[in-house]
Amino acid sequence: MKPKTWNTLWISVLILTLISFIFLFKEDKLNPQLFGIPYIFWIGFLVTCLIVAATFIASKVFPYQETKKS
Amino acid sequence: MTGWLIAFFGLFLLSLAYASYKSFQKNRTSDDFMLAGSNIGSILGFLTFSAALFSAFTFMGMPDFFRTHGVGAWIFLGLSDALMVFFIVWFGYKLRSRANEVGYQGVAGFVQKCYQNKYAGILLFISSFLFLIPYVAIQIRGISIFLEAAFPGLLPFWAWASMLVGIMLIYSEIGGLKAIMYSDAIQGVILLVVIWIIGATCLSLAGGLETATQKIMDTNPGLTTLPGPKGLFTTPFLIASSIAIVMIPVTQPQFTTRLVVMKSLKSVHRMAYAVGLFAILVILPTAFIGLYGAIKYPDASTSDFLSGALMYDQAVPVAALAVVGLFAACLSTTNAQIFALGTELRSLLKGDDKRTMRITKVSIFLFSIIVLIFSTYMSDQLVLLARVSFAGTSMVAPVVLGAVVFKNPPKSLMILSSFALAYFILSLLSWVPNQIGGYPLDFVLYGFMIVFTATIFITHSKKSQ
């Protein structure tokens, strides 16, 4: 597996995290609601699901093999 | 209720006895006993990691956190756990590669070998001891107080606590880490099933998610936004919490050891995303219980809310299952932590195998006694004390990260971590302020450590080249 895919993935997760804390998780923001669920709850849930999905992809594209026991 | 309770407890104790029996080997080495033969597959690995991670802190603390601080609690734990499992993909690889090169018996011994310096190991052991003991004690206190309130007059608080520690000591002394892992697997499944039954019941009693959130918006709108009605979930607090939680596999030895004893890197990676899914599945129902509590028990004390929502508002078999589930959740985390302290001590010891194992077993017993004594003096702030434990141990993260990244790690990382750990402890003792410039101390310390660790890493990489 090429390191490029893995590098793109971890950089994307880092950017998503920064965007979330700086721009998405705003104080006193209630709307837009999703099926009556407050904004912070569904957006936090969505970002969490995206990162867990990224972990699944990372487990498939991680390019390095561990060193064997010496 | 008593009949159901006896039946469920009986089944639970039988399964623990079976786990101990399956794990017992006569002529085992200390590595077999303490590291489970380092041959753990994905499923057992994922269940033991999850059970050690989600504990009474999740079962009791998180519903109360949602009830009093609102939906931002999801970011505090759910998102942070997701970031942690993503980090494990890289960290697991680096840790296992380095552990294969230098050997691994525990994090303290591992960093001591990597730095070729005794102080590095002692620093790791001190941070584990100082911050795991109060965390274990608060879990035992939480569950014991709950059981005392749920069954008034049956047993005093200290007797429940002693029973819990006694059961844990018996099966861990018989079967070692393997018995703990099997029991974790059983406890993890119980935790997931019970929390979903209770969560679904609470959601239905609250009239569904949409109706529940609408009611809360009308009565206490602060619960539906950041930073919550008490102003806890500010951005610096959430960022600092995320860093503390992401660093759990690096600096909380019970998790670091679990990454090393897995069969292969592939198993670690499978375990990582499975734990992420498990986190979502476990934390979601705690939000339902918390939202229900915000409607029905807005001003009740923590113990009144928990005994109401987890027991009295549930059908009798579910309430009995909840008691067993809580007991299981608490047991799986405490055994992982106390056993990890034994592993850490053993990794610093030298001498023949039998003597080392004897000292380790005695130390596990002594740690349990210390925890029991401590549990009578703790406060009831379950989640916040857990967070202090995560933050406290995370102060030594630069030392462990240096050990896994470099063949000859720079000693300056030890100075950096020692300073951060000492300052953090002084702030807990109120000898130095716990805020700097209006920001929480751990947030500022993390900023400081990130900058210095990155600088040390870059300059050391250039020197090595």
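Keep in mind the model is a prediction, meaning the values are calculated, not measured. All chains are named by letter (A, B, ...) in the order of the sequence lines, taking the proteins before the strands, and each is independently numbered beginning at 1.
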Using a 4.5 angstrom heavy-atom cutoff, name the option from [options] with the most pairs to chain A.
{"options": "B:Val268, B:Leu277, B:Leu83", "result": "B:Leu83"}
{"options": "B:Gly276, B:Ala82, B:Gly72, B:Ser264", "result": "B:Ala82"}
{"options": "B:Thr211, B:Asp81, B:Val85", "result": "B:Val85"}

Can you tell me how far NZ of B:Lys266 sits from CZ of B:Arg270, rounded to the nearest 0.5 angstrom?
->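 Here the rounded value is 6.5 Å.
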Picking from A:Trp6, A:Phe35, A:Phe21, which has the most non-hydrogen pairs under 4.5 angstrom with chain B?
->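 If we count pairs closer than 4.5 Å to chain B, A:Phe21 comes out on top.
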Residue [X] versus chain A: region with a heavy atom under 4.5 Å:
{"X": "B:Ile280", "answer": "side chain"}
{"X": "B:Ala73", "answer": "neither"}
{"X": "B:Leu79", "answer": "both"}
{"X": "B:Ser80", "answer": "neither"}
{"X": "B:Ile239", "answer": "both"}
{"X": "B:Ile88", "answer": "neither"}

Contact origin within [X] toward chain B - heavy atom pairs under 4.5 Å:
{"X": "A:Leu9", "answer": "both"}
{"X": "A:Val13", "answer": "side chain"}
{"X": "A:Tyr39", "answer": "neither"}
{"X": "A:Trp10", "answer": "both"}

Could you note down all residue pairs passing salt bridge (charged side-chain N to carboxylate O under 4.0 Å, His left out) where residues 20-41 of chain A supplies at least one of them, sequence neighbours left out?
->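 Checked against salt bridge (charged side-chain N to carboxylate O under 4.0 Å, His left out) - neighbours excluded - no pair reaches residues 20-41 of chain A.
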Could you tell me whether B:Lys215 and B:Asp218 make a salt bridge, using a distance below 4.0 angstrom between a side-chain N and a carboxylate O?
->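 No, this pair does not count.
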Strictly distance-based, threshold 3.5 Å: is any side-chain N or O of [X] a donor or acceptor partner for the main-chain N or O of [Y]?
{"X": "B:Thr224", "Y": "B:Pro221", "answer": "yes"}
{"X": "B:Arg96", "Y": "B:Met262", "answer": "yes"}
{"X": "B:Thr453", "Y": "B:Ile450", "answer": "no"}

Classify the angle between the aromatic ring planes of B:Phe237 and B:Phe233 as parallel (below 30°), tilted (30 to 60°) or perpendicular (above 60°).
->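 B:Phe237 vs B:Phe233 ring planes: tilted.
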Flag the pair B:Phe406 / B:Phe457 as yes when their ring centroid distance falls below 6.0 Å, and as no otherwise.
->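 Aromatic pair counts; centres sit under 6.0 Å.
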With A:Ser59, which residues qualify under side chain to side chain donor-acceptor pair (under 3.5 Å), at least two apart?
->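 With sequence neighbours excluded, A:Ser59 shows a side chain to side chain donor-acceptor pair (under 3.5 Å) to no residue whatsoever.
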